[in-house]
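Read the structure below first, then the notes.
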Amino acid sequence: MEGERRASQARSSGLPAGGADGDSPGGSAPFPGSSGSSALLQAEVLDLEEDEDDLEVFSKDASLMDMNSFSPMMPTSPLSMINQIKFEDEPDLKDLFITVDEPESHVTTIETFITYRIITKTSRGEFDSSEFEVRRRYQDFLWLKGKLEEAHPTLIIPPLPEKFIVKGMVERFNDDFIETRRKALHKFLNRIADHPTLTFNEDFKIFLTAQAWELSSHKKQGPGLLSRMGQTVRAVASSMRGVKNRPEEFMEMNNFIELFSQKINLIDKISQRIYKEEREYFDEMKEYGPIHILWSASEEDLVDTLKDVASCIDRCCKATEKRMSGLSEALLPVVHEYVLYSEMLMGVMKRRDQIQAELDSKVEALTYKKTDTDLLPEEIGKLEDKMECANNALKADWERWKQNMQNDIKLAFTDMAEENIHYYEQCLATWESFLTSQTNLHLEETSEDKP
């Protein structure tokens with residue numbers, strides 16, 4: 001009975017259902033071995049040649065939908081199930097709605113910055129009210145991201161948009177940049193709200209509900225400068241030592257992340273180039289309509305024909321502009337978000353390795369009696385529990401992230417393909433209509449000329 005209850009909790013929380021020895025009734029689905037890992041990864045990620053000019057068409061059998069080979073079944077620690085357990089009969093209803101809107105510019109003698117209005121509506125009992133409205137600046141979002149990483153070092157935290165754009169940093173307060181950032185911040189908060197663990201984080205709740213002075217006071221309650229410096233020194237020391245025996249499943253995960261990062265960065269570069277070329281084509285094409293109108297003024301016999309050509313060009317320009325809007329609003333943000341996700345994943349792996357490196361150093365010190373061994377067994381026990389929780393959290397979140405990634409990228413490219421089909425059909429119909437009308441006109445003129 002106890003085993004069934006524990007398995008039910010694990011299933012509803014998205015965590016492995018194995019017992020202390022890691023066994024499960026259905027057996028585990030191990031990550032592929034190293035012998036075929038390279039070929040599998042090539043099939044799992046978009047199959048792009050290194051030359052960015054060669055964007056290959058990939059089949060359904062080798063697409064992003066096939067990246068489901070990693071299904072770990074490992075022992076679960078009670079700590080790793082906090083805020084994740086749901087009852088099976090509990091409806092999975094959304095109870096937290098967040099909107100980011102109304103950016104507002106603030107100019108002081110020291111700096112210029114933008115704040116965004118955040119409206120939160122919720123039915124959760126832990127909130128004092130059902131609706132909150134606060135204003136936050138980008139630095140507040142950075143603080144929240146840092147607190148989430150601190151509390152959940154091996155969970156995959158959604159990425160924030162970059163602080164500055166690479167090109168044209170002086171234009172970071174123009175309307176287009178502000179709107180792009182607003183959408184990204186909106187997605188950031190809603191991804192956290194949809195996460196089974198992060199959504200219950202206390203700092204997240206404070207971020208959504210506290211007024212500016214309350215948030216500022218809460219920030220000051222964090223660890224002091226010396227404490228943060230000590231954590232940084234320990235992290236650097238752990239990274240310098242490195243990990244001697246990283247488990248095979250995390251080796252495979254790391255290989256996947258590296259390959260995914262290469263491919264998604266290439267797709268991002270190609271998508272940006274396509275958009276740039278599309279913009280240049282649009283800017284050039286929209287000049288042709290007025291040119292044909294001016295031309296018609298000097299050609300009495302071709303007035304109607306040239307005006308019809310100008311009208312066709314104008315309709316094609318509008319269709320092109322609509323397609324560019326779809327590209328910039330639907331595809332480019334999704335691809336770039338996963339570029340940022342790839343960087344976040346590397347950070348998650350590094351934090352996981354730091355925990356293991358610290359554990360390895362304690363075990364080594366105990367083995368060779370390099371230091372006082374009286375307290376080491378207790379410290380090692382705590383680190384082993386921490387390592388188990390970190391591993392279980394990462395593996396459970398990894399599967400969730402991969403499923404979301406597959407759905408997001410598939411939807412973005414499918415929508416873009418449908419938009420392209422509609423665009424070409426519209427342009428084709430425009431010019432076919434023009435040719436048909438010209439053919440009919442020519443036939444009428446020919447019939448009138450006959451005796």
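Partners of Gln426 under the side-chain contact (heavy atoms from CB on, under 4.5 Å) rule, at least two apart in sequence or in another chain, are Ala319, His422. Under the rule for a ring-ring contact (aromatic ring centres under 6.0 Å, His included), Tyr116 has no partner lying at least two apart in sequence or in another chain. The salt bridge (Lys or Arg N to Asp or Glu O under 4.0 Å) search around Lys121 returns none, not counting sequence neighbours. Scored by the side-chain contact (heavy atoms from CB on, under 4.5 Å) test, Asn190 finds Lys94, Ile98, His186 as partners (sequence neighbours excluded). Looking at residues two or more places apart in sequence or on another chain, you find a side-chain contact (heavy atoms from CB on, under 4.5 Å) between Glu419 and Lys322, Arg323, Met416. Contacts of Tyr424 classified as ring-ring contact (aromatic ring centres under 6.0 Å, His included), with partners at least two apart in sequence or in another chain: none. When the ring-ring contact (aromatic ring centres under 6.0 Å, His included) test is applied to His106, the partners found at least two apart in sequence or on another chain are Phe113. Residues meeting the salt bridge (Lys or Arg N to Asp or Glu O under 4.0 Å) test with Asp415, sequence neighbours left out: none. Residues passing the ring-ring contact (aromatic ring centres under 6.0 Å, His included) test with Phe141, sequence neighbours excluded: Phe207. Under the salt bridge (Lys or Arg N to Asp or Glu O under 4.0 Å) criterion, Glu329 pairs with no residue at all, not counting sequence neighbours. For Glu287, there are no side-chain contact (heavy atoms from CB on, under 4.5 Å) partners, not counting sequence neighbours.
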With a 3.5 Å cut-off and sequence neighbours excluded, list the donor-acceptor pairs that the side chains of residues 299-318 form with protein atoms.
from   : atom 1 : to     : atom 2 : distance (Å)
Thr305 : OG1    : Gln438 : OE1    : 3.2
Ser311 : OG     : Arg315 : NH1    : 2.9

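With ring centers used as reference points, Trp401 lies under 6.0 Å from Phe260.
Glu337 has a carboxylate O that lies under 4.0 Å from a charged side-chain N of Lys187, or vice versa, which qualifies the two as a salt bridge. Ion pairing between Arg246 and Asp353 holds under the 4.0 Å rule for side-chain N and carboxylate O. A salt bridge is absent between Lys286 and Glu321: the closest approach of a Lys/Arg side-chain nitrogen to an acidic carboxylate oxygen does not fall below 4.0 angstrom. With respect to Glu150 and Arg351, no salt bridge is recorded, no charged nitrogen being found less than 4.0 Å from a carboxylate O. Ion pairing of Asp408 with Arg191 is present here, as a side-chain N (NZ or NE/NH1/NH2) and a carboxylate O approach within less than 4.0 Å.
Counted within 6.0 Å of CZ on Phe97, heavy atoms from surrounding residues, nucleotides or ligands total more than 12; the atom is thus considered enclosed. Taking a 6.0 Å sphere around NZ of Lys386, one finds it holds 12 or fewer heavy atoms contributed by other residues, nucleotides or ligands.
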Q: Show your reasoning for whether side-chain hydrogen bond (donor to acceptor under 3.5 Å, both in side chains) applies to Arg124 and Thr199.
A: CA-CA 11 Å; Arg124 293 182 184 175; Thr199 187; 2.6 Å; yes
Q: Please assess Tyr281 against Thr320 for the test side-chain hydrogen bond (donor to acceptor under 3.5 Å, both in side chains), listing each intermediate value before the final yes or no.
A: CA-CA 9 Å; Tyr281 168 71; Thr320 302; 5.1 Å; no
Q: Check the pair Trp143 / His218 against ring-ring contact (aromatic ring centres under 6.0 Å, His included), numbers first and verdict last.
A: CA-CA 11 Å; Trp143 169 84; His218 182 73; 5.7 Å; yes
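Both the sub-6.0 Å distance and the 45° axial angle are satisfied by Lys402 relative to the ring of Phe256.
When side chains are defined from C-beta on, Asp268 does not count as touching Ile264, because their heavy atoms never get closer than 4.5 Å.
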